Amino acid sequence: MPDYSKHTDFFDSVYQVVRMVPYGRVTSYGAIANYLSTPKSSRVVGWAMNAAHSIPDVPAHRVVNRNGLLTGKMHFSSPNEMQLLLEKEGIKVINDQVQNFKSLFWDPTKELKL
DNA sequence: TGTTTGACTGGGA
DNA sequence: CTCCCAGCCAAAC
């Protein structure tokens, strides 16, 4: 296991934002990165989500890329699980693409407006 | 210790 | 509109 003694804050911040995503809504890595004042570090958010497997309270299935594409579905227990969870929340997913993504999109910097 | 990769994004062609 | 390229930072090799 890596040493998280210094970077737990960033990861934890990502988890907090993801946890704030309302039911039936989705957000993007960039939105989370932007909320953390690090819009250029959107990739690191992806890594944070990779580590989110240890955090059961983090709905990683609500995090997609800016295109609304389920890019991270392959990292779940089952590739179908991410889409399944989204559909269970009333989100339609066709060909790994979130339908009506623009309306379902939840931007923490705009909606939360801390 | 140096290089490569990745659940991304924005801008340019 | 789609496709390609560079930047970014942490983890893995």
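The shown structure was predicted, so the numbers you read here are calculated from the model rather than taken from an experiment. Chain letters run A, B, ... following the sequence lines, proteins first and then strands; every chain starts at 1.
At the heavy-atom level, A:S28 lies under 4.0 Å from the strands shown only through sugar-phosphate atoms. Across all strands, A:A60 comes closer than 4.0 Å to base atoms (heavy-atom distances). Within 4.0 Å (heavy atoms only), A:N65 reaches sugar-phosphate atoms of the nucleic acid but no base atom.
When each of A:V44 and A:V64 is assigned the nucleotide of DNA chain B with its nearest heavy atom, A:V44 is the one assigned upstream, toward the 5' end.
What separates CH2 of A:W47 from C1' of B:dT4 is a distance of 11 Å, to the nearest Å. At whole-Å resolution of the value, NE2 in A:H75 and C1' in C:dA12 are 13 Å apart. Between A:M49 atom CE and B:dG6 atom C1' the separation is 15 Å, expressed in whole Å. The distance from atom OH of A:Y35 to atom P of B:dC8 is 22 Å, rounded to the nearest whole Å. Protein atom OH of A:Y29 is 6 Å distant from nucleotide atom P of B:dC8, rounded to whole Å. Atoms CG (A:L86) and P (B:dA7) sit 17 Å apart, rounded to a whole Å. Between the P atom of B:dG10 and the CG atom of A:N67 lies a distance of 10 Å, rounded to the nearest Å. If you measure from atom CE of A:M74 to atom P of B:dA7, you get 6 Å, rounded to the nearest angstrom.
Of the possible polar contacts, one joining the A:T27 side chain to the A:W106 backbone as a donor-acceptor pair under 3.5 Å is found. Side-chain N or O atoms of A:E111 include none that pairs as donor or acceptor with a backbone N or O of A:T109 at under 3.5 Å. The backbone N or O of A:K110 sits nowhere less than 3.5 Å from a side-chain atom of A:Y35 that would complete a donor-acceptor pair.
A salt bridge links A:R62 with A:E89: the distance from a Lys NZ or Arg NE/NH1/NH2 to an Asp or Glu carboxylate oxygen falls below 4.0 Å.
Among the nucleotides B:dA7, B:dG10, C:dC9, the one closest to any side-chain atom of A:R66 is B:dG10. Side-chain proximity of A:K40 to the nucleotides C:dC8, B:dA7, B:dG6 is greatest for C:dC8. The side chain of A:S42 lies closest to B:dC8 when the candidates are C:dC8, C:dA12, B:dC8.
Under 4.0 angstrom from either OP1 or OP2 of B:dC8 there lies no side-chain N or O belonging to A:S41.
Side chain A:H61 to base B:dA7: no donor-acceptor pair is found below 3.5 Å.
In this structure, A:M82 and A:F76 approach most closely via the heavy-atom pair SD-CE1, 3.6 Å.
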